[in-house]
A.B. asks: 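Take a look at the following structure, please.
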Amino acid sequence: MPTLNSIRKEEDGDEESDTRGLLASEAEISENCVPETSENTYTTTVSSTTSGDRLKPSEPGETPETNPFSQSNGSSSDAESEEEKVNVSYFSLYRYSNKCEKFLVLLGLVVATLTGVVPAWANYTFGQFTKTMVDYASNTSRQCPPPKTEGTTPFMKEVEKFVIYQSSLGAFELVAGYLFVMLLNYVAEKQSYKIRKEYFRKLMQQDISWFDKNAKRDFSSRMVDDMLKIQNAMSEKIGMFVSSIVNCVFLTGLSFALGWKLTLALMVFIPLLGVLSGFEANVQSTMTSKEQAAYAEAGAVAEEVLTNIRTVHAFNGQTKEMERYNAKITHAKKVAYKRHILTGLGNGLIWTVSLCNFAYAFWYGAVLVVYSRETGDGLYGPDNILVILFSVMMTGFYFGASSDYIEAVSGGSGAAEGIFPVLDRNSEINSLSEEGIVPTGRSSGEISFKNIRFSYPSRPGITVLENVSIRVKAGETVALVGASGCGKSTCVQLLQRLYDPSEGEITFDGVDIRLLNVKWLRSQLGVVGQEPILFNTTIAENISFGLKGVSREEIEASAKQAYAHNFIMQLPQGYDTLVGERGASLSGGQKQRVAIARALVRNPSALLLDEATSALDFQSESIVQAALERASQGRSTIIIAHRLSTIKAADKIYVVDKGLIVEQGTHAELMEMRGRYYQLVLSQEESEMLRGDEEVEKSGEEEQQEDFVQEYMYNEPATGRITSRTRLISQTSVDDFPLAVEGKDDDKKDSDSVSFFRLWRANLQEWPYLLVVILCSVVKGLQLPAYAYIFGDFIQSFTIKDDVEVINHGKFYCFAYLGIAVGMGICGFLQKMLVGFSGECFTYRIRQQLFSCLLEQDISFFDAQQNTVGKLTARLSTDASSIRGATGSRMAGVLQAFAIVIGAGLMSFYYLPNMAAVTIVFVPVMIYISFMEGKVMNSDNVIERDSIEASCNIAVEALNNIRTVASLCAEEQFMDMYEEALAASHRVNLKRAHVRGIVYGVISGGPMFCYCTSLWYGGYLVEQSCASIGSVFKVAEALIYCTMSGGAAISYAPAYDKGKIAAARIFELFDATPLISRFSQHVAVFNSLGTVKGQVDFENVNFNYKNRPSVKVLKSLNLNVKPGESVAICGPSGSGKSTCAALIFRFYDPTTGQVKFDGVDLKRLNLDYVRQQIGLVSQEPILFDCSIKDNIAYGNNERNVEMDEIINAAIATNMHNFITSLPAGYETRVGLLGNQLSGGQKQRIAIARAILRQPKLLVLDEATSALDSQSEVAVQAALDSAKTGRTSVTIAHRLSSILNSDKIFVMKGGRIEACGTHSDLIQMEGIYQAMWKAQSSQQQSDSSS
């Protein structure tokens, strides 16, 4: 019935809006981008460049795993302008189906076609039944009850005939509906499963240049959203489309056969309904897309902020980030408001036009019946009138439904346009291909670059390498040195064949690498990058990515070789410890050692070390460097280094400058040349040696120093007992980091105990909207019983002999229904619009409050496993939308359902209590059937959703780190993981196809059984009790089809359960009280300390991370930093140094003891005020995805920063010239996490940000660790200048950078081992002396060489 359709469409519209937030937290991958066609990678492609391109074109390898030349400043990339538009036909969606599956699809479509005949046949039999009832009721000579006779009366025979027909049709609908829905869903699941796997496999095959050009990287939305659209297009939707078209044909034919005049008159309304439906669908589609895009931007902001929450807290950026997030969701809210106004208008007009059609039919039908009586042609009787009326209305319904189905079908084809080009693209560099030479035996590792010229395909106008020739003999160690951005890492990428050179050739074992099998080539290379990428799995599995099928013994052996075994075994779960996202649960040194173990486990014939020890402290570097030197024995090795001390023993050193080889030779030969290399060495000596000359001269005896260091590192000083070389660095290496993976999984509880009244209290601010919505819902609910009442009376009117009275009844019902039509139009408009307004206001406020709540949580909150960035952004997107299902937006449907059921029930019992009592038995059945239809056909499948999300996470991690995956030849491992994650939902969905079929069959055939049974009993009452036929039809219509509509209205009740669970999660976060709050009421000193001096005191501080209470990180620590002092903290990795910095910023509070600032306990000071006095430069600099100017200005979020201040800060860090050389200058975007910059460039911007803050206390956590020697000299000088006149705390591995510190604290195992100036500590026999002697010995050796 049209009324049922209206309700369903109305509910569907709301459901659509609720799903918009699902992919909004995946901001990193949001827009549509069609892959480009294959290109010849042996030649340079031609494309234009725009302002804001990659900041460091020659060194993408030194950045995180992202697009090396993606566009900045919001401009579209070249790839987008060259997108390949491919039209995908619907039938090509079945490209991976076999003959059996094609047969099942054909069978399903044939059965769907047969179901299209049923409605016309059912209408015709209903017309005949109506004629029987009217004729019998019009017979004034009938007796009631009739005389007893043997057998069934002619009247009841006709009634029983109707029952048999209707039951047969119901049985056929049940079986046929099950069959075609099951078959089509079964095949759709099979096809989508194959396409998902093939799409991911094809993505894994693509060359890196293709990823460079696909700047939007919307693979996640393709795998989830687009694949669901494709599956939806191949599911029962195509069968329902065919069935709807056949329905329209047969119903229209029946209508014209029975009476063309009335049919034409009623069909005038059909095009208008089509236009209105199309308008509403177009508005929903267009505006929802804009809304989703806006929420995606908000999700991107939230993800970036929560990922970098420590930086946000350190710089008091909460208010600024809140404003940024609010701006995004406010825009989304405005778009949503427009959508709700327009869809409300369309909904109201559809209600009005649909009901006007009924009104017109009542009047014109009565006129035609009277005319037929007068002429005696018999063309129009009550049977024909009703059959035509329902056939035309059902034609409109099926026509409207077919537009929805065709939209789903075309949507699948449209979604395939973004996926199928990837399926059809053959990559020139395919790591999964079996093509190419696979040499037998172990390779020698001989490498040769011959006259290489190279430009990145995304920026062919910039030459990165020019006429480069490099020779690496078998077993030889070759080093590449030069300033950042000169092209060193590009050479390593070319050797791995991540790209092909524009000119020249690269050979491996004398064979052009383009002729070798790509997988074999990469398997011969062990790569360790500057910024190690670990995957979100266990340590053992991370190492095993280096070699598929590796045994546990081999994993442990490689870890021992990389000096990682000891610290791994100290972890609670050992090798089975999860490392977190990007290895977040490990320190930089620990991550690097795991990455080295991963490279060594494959026993490569050549090692490629791109600053492999850059993240390690000096002792760690010495030990790992020794391990690498041992590992490089018998292997060809290419080392890329900034620190020249690590490559002085290389067999040959190539000096690279601006893509050219300017010098080559051994260390000694290059020093004699006194050229570029010599300048680099002098530059490094200036930063690391000059300040230490006095102290080095005191020792003088190099041999003695080496012996002492060797003894200290290999033996316990007190006992002489042999100990591990890693003891110095690994003994407490895990203590300095909170391992979120150990937290209890509190997320499992998913409590749904949230109070119903609390939910409504949260939504009460929208009470004016809700009040009108409730009123409209009740009125709309009562409309259906009113329809049943008028319908019954309309049929009863045909028993009247007086033609004038029949006409008058027709007019009356016409005007009555016109009034109802106008009222329903207004109610439909208001309900649709205000439900939307209420929901948008509510979710806007929830998102706003939730994001604010998250920003105010202390850092320990984010350490917990249940509070990962992914889960929190899901709360902001999915849960914030789902909570609407438990409040006003869904309660409107429930109230409408109650109004329908109560109104229909009261009316039925009033007119025919006996029939109502019998028929009401079917009411729960009909409501349950409708409920199950909504639940099964429309609700989310939890297992499917979880499985798709899990597989999507695997895919996104692999694709975001595609360079690492390619280097490791780990594509097949990720494909296996992806397939395994998908398997759970695949198995469930194949079974679910049967459930969907059964539910659809029952919802199609069940009402026919109930309706014919009810009318059979009504016929019995007419014959035996002289019941009015009008009352019979009133009761049947009210209690069967009206309650079906009621069931449809509450069929989205699963949304209430989902909303309640979402509310429980959100309220749990609302109720989470931060242990460290910016707004604490217990702060005694708020805004002033008088003149801030920057003094810091640790008094008997003990500390352990909340997630690891059994491990003490700091033990009775006493540390004093006086105003104006320059203090340094050094010691092995994991000794607690960075934890001290975290306590200074009050990221955490000590377990016992006090941390004081200017003599006042930090707990008594206003948190924002304290952090405002402190500047931070961390070891791993965090930048935001905005302009360079905004990143530097982030140093002071309490005021508007002038441009001159930003420029001065950039000049101080030697960045101004580089920034101004960029096309967009200071407006250049730095990319996600600053991925468009090299490590050194990011670090200098972070330092500029700290200098701009003009802090009283400067905290430097390895601030120059990522810089080359030239940059380090300039930046170190800037830092020395910045420290003048203010207190500074420097955490350092390189002791040469802290020689002039007023005080140096040496930490080990969470304690202060020694304290004093550099001179004092050199006189002591302890860890500092050993560290210094080892370092100075190595530096003197470098200098003398």
A.B. asks: If I take atom CG from residue Leu850 and atom CG from residue Leu855, how far apart are they, to the nearest 0.5 angstrom?
C.D. replies: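 Interatomic distance, Leu850 CG to Leu855 CG, rounded to 0.5 Å: 9.5 Å.
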
A.B. asks: Check the pair Asp1302 / Thr1317 against side-chain contact (heavy atoms from CB on, under 4.5 Å), numbers first and verdict last.
C.D. replies: CA-CA 6 Å; Asp1302 299 316; Thr1317 64; over 6 Å; no

A.B. asks: Going through the distances and angles, do Gln1095 and Asp1097 end up as a side chain to side chain donor-acceptor pair (under 3.5 Å)?
C.D. replies: CA-CA 7 Å; Gln1095 178 177 332; Asp1097 297 285; 2.8 Å; yes

A.B. asks: May I have the step-by-step check of side-chain contact (heavy atoms from CB on, under 4.5 Å) for Tyr1194 and Asn1191, ending in yes or no?
C.D. replies: CA-CA 5 Å; Tyr1194 205 86; Asn1191 267 288; 5.6 Å; no

A.B. asks: Could you grab the distance from atom CG of Asn1208 to atom CD of Glu1202, nearest 0.5 Å is fine?
C.D. replies: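 Rounded to the nearest 0.5 Å, the CG-CD separation comes to 11.5 Å.
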
A.B. asks: Cys1315 versus Lys1303: any side-chain heavy-atom pair under 4.5 Å?
C.D. replies: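 They are in side-chain contact.
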
A.B. asks: For the pair Ser852 (side chain) and Gln848 (backbone), establish whether a donor and an acceptor sit closer than 3.5 Å, ignoring hydrogens and angles.
C.D. replies: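 No, because the side chain of Ser852 does not come within donor-acceptor range (under 3.5 Å) of the backbone of Gln848.
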
A.B. asks: Counting N and O atoms only, with roles assigned by atom type, does the side chain of Asp1161 sit under 3.5 Å from a partner on the main chain of Arg1164, one being a donor and the other an acceptor?
C.D. replies: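 No; judged by distance alone, with no hydrogens or angles, the pair does not exist.
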
A.B. asks: Within the structure provided, determine whether Leu854 and Phe861 are in side-chain contact (heavy-atom separation under 4.5 Å).
C.D. replies: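 Result yes, sub-4.5 Å side-chain heavy-atom pair found.
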
A.B. asks: Taking all heavy atoms of Cys1140 and all of Ile1129, pick out the closest pair and write down the distance.
C.D. replies: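 Answer, listing the atom of Cys1140 first, then Ile1129: CB-CD1, 4.3 Å.
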
A.B. asks: Measure the shortest side-chain to side-chain distance between Arg847 and Phe851 over non-hydrogen atoms and say whether it is less than 4.5 angstrom.
C.D. replies: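 Side chain of Arg847 against side chain of Phe851, heavy atoms only: no contact under 4.5 Å found.
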
A.B. asks: Please report the closest heavy-atom contact between Ile1298 and Cys1130, naming both atoms and the distance.
C.D. replies: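 Nearest heavy atoms, Ile1298 then Cys1130: CD1-CB, 4.3 Å.
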
A.B. asks: For Phe1103, enumerate each residue passing the ring pair (Phe, Tyr, Trp, His ring centres under 6.0 Å) test, keeping only those at least two apart in sequence or located in another chain.
C.D. replies: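 Checked Phe1103 against ring pair (Phe, Tyr, Trp, His ring centres under 6.0 Å); matches are Tyr1105, Tyr1148.
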
A.B. asks: Step by step, would you call Ile309 with His313 a side-chain contact (heavy atoms from CB on, under 4.5 Å)?
C.D. replies: CA-CA 6 Å; Ile309 192 66; His313 278 225; 3.7 Å; yes

A.B. asks: CG of Asn1118 to CZ of Arg1311: how many Å apart, nearest 0.5 Å?
C.D. replies: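 With rounding to 0.5 Å, CG (Asn1118) is 11.0 Å from CZ (Arg1311).
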
A.B. asks: Distance-only, no hydrogens or angles: does the Thr311 side chain make a donor-acceptor pair with backbone N or O of Ile1182 under 3.5 Å?
C.D. replies: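 A pair under 3.5 Å: no.
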
A.B. asks: Examine distances only and state if a side-chain atom of Glu1125 and a backbone atom of Lys1122 form a donor-acceptor pair shorter than 3.5 Å.
C.D. replies: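 The answer is yes, because a donor-acceptor pair under 3.5 Å joins these two groups.
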
A.B. asks: Only pairs at least two apart or in different chains count here, so list each salt bridge (charged side-chain N to carboxylate O under 4.0 Å, His left out) that has a residue in residues 314-327.
C.D. replies: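 Qualifying pairs, neighbours excluded: Glu304-Arg324, Glu321-Arg324.
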
A.B. asks: How close do Ala1250 and Pro1255 get, heavy atom to heavy atom, and via which atoms?
C.D. replies: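 Reported closest heavy-atom pair: O-CD, 3.5 Å.
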
A.B. asks: Is it the case that atom NE2 in His331 sees more than 12 heavy atoms from other parts of the structure closer than 6.0 Å?
C.D. replies: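 Result for NE2/His331: open.
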
A.B. asks: Roughly how far apart are Ile1174 CD1 and Thr1287 OG1, rounded to 0.5 Å?
C.D. replies: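 Answer for the CD1-OG1 pair, Ile1174 versus Thr1287, is 10.5 Å.
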
A.B. asks: Give the minimum heavy-atom separation between Ser1135 and Lys1137, together with the two atoms involved.
C.D. replies: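 The pair with the smallest heavy-atom distance is OG-CG, 3.5 Å.
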
A.B. asks: Any side-chain heavy atom of Leu1167 within less than 4.5 Å of one from Ile1076?
C.D. replies: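 Answer yes - side chains close enough.
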
A.B. asks: Of the non-hydrogen atoms in Ile1192 and Ala1210, which two are nearest, and what is the gap between them?
C.D. replies: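 Looks like CD1-CB, 4.3 Å.
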
A.B. asks: Would you say Asn1196 and Asn316 make side-chain contact, with heavy atoms under 4.5 Å?
C.D. replies: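 SC-SC contact between Asn1196 and Asn316 ruled out.
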
A.B. asks: Does Lys1256 reach the side chain of Lys1093, with side-chain heavy atoms less than 4.5 Å apart?
C.D. replies: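 Of all side-chain heavy-atom pairs linking Lys1093 with Lys1256, none is under 4.5 Å.
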
A.B. asks: Between Arg1171 and Phe315, is NZ or CZ placed under 6.0 angstrom from the six-membered ring centre and within 45° of the ring axis?
C.D. replies: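 So Arg1171 doesn't make the cation-pi contact.
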
A.B. asks: Which pair of non-hydrogen atoms, one from Ala1246 and one from Leu1183, has the smallest distance, and what is that distance?
C.D. replies: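 For Ala1246 versus Leu1183, the nearest heavy atoms are N-CD2, 4.4 Å.
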
A.B. asks: Quick one: does Thr1290's side chain have a donor or acceptor within less than 3.5 Å of a partner on Leu1260's backbone?
C.D. replies: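 Judged by distance alone, no pair lies under 3.5 Å.
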
A.B. asks: Donor-acceptor pair, distance only, cut-off 3.5 Å: does the side chain of Asn1102 make one with the backbone of Thr1152?
C.D. replies: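 Checking the backbone N and O of Thr1152 against the side chain of Asn1102, no donor-acceptor pair under 3.5 Å is found.
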
A.B. asks: Is the backbone of Gly1195 close enough, under 3.5 Å, to the side chain of Arg1253 for a donor and an acceptor to pair up by distance?
C.D. replies: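 Indeed, once roles are kept as given, a pair shorter than 3.5 Å links the two residues.
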
A.B. asks: Answer yes or no: is there a side-chain heavy-atom contact under 4.5 Å between Asp1320 and Ile1322?
C.D. replies: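 No; the side chains remain at least 4.5 Å from each other.
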
A.B. asks: Decide yes or no on side-chain contact (heavy atoms from CB on, under 4.5 Å) for Val1096 and Lys1156, but give the supporting numbers first.
C.D. replies: CA-CA 6 Å; Val1096 177; Lys1156 295 183 176 181; over 6 Å; no

A.B. asks: So, do Tyr1226 and Ile1207 sit near enough that their side-chain heavy atoms are less than 4.5 Å apart?
C.D. replies: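 Sidechains of Ile1207 and Tyr1226: in contact.
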
A.B. asks: When rounded to the nearest 0.5 angstrom, what distance separates CG in Leu1252 from CD in Gln1254?
C.D. replies: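 Reported value, rounded in 0.5 Å steps: 7.5 Å.
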
A.B. asks: Please lay out, stage by stage, how Asp1149 and Arg1146 fare under the test salt bridge (charged side-chain N to carboxylate O under 4.0 Å, His left out).
C.D. replies: CA-CA 6 Å; Asp1149 279 337; Arg1146 208 184 165 205; 2.8 Å; yes

A.B. asks: For the NZ atom of Lys1115 and the NZ atom of Lys1308, what is their distance to the nearest 0.5 Å?
C.D. replies: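 Lys1115 NZ to Lys1308 NZ: 11.0 Å, rounded to 0.5 Å.
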
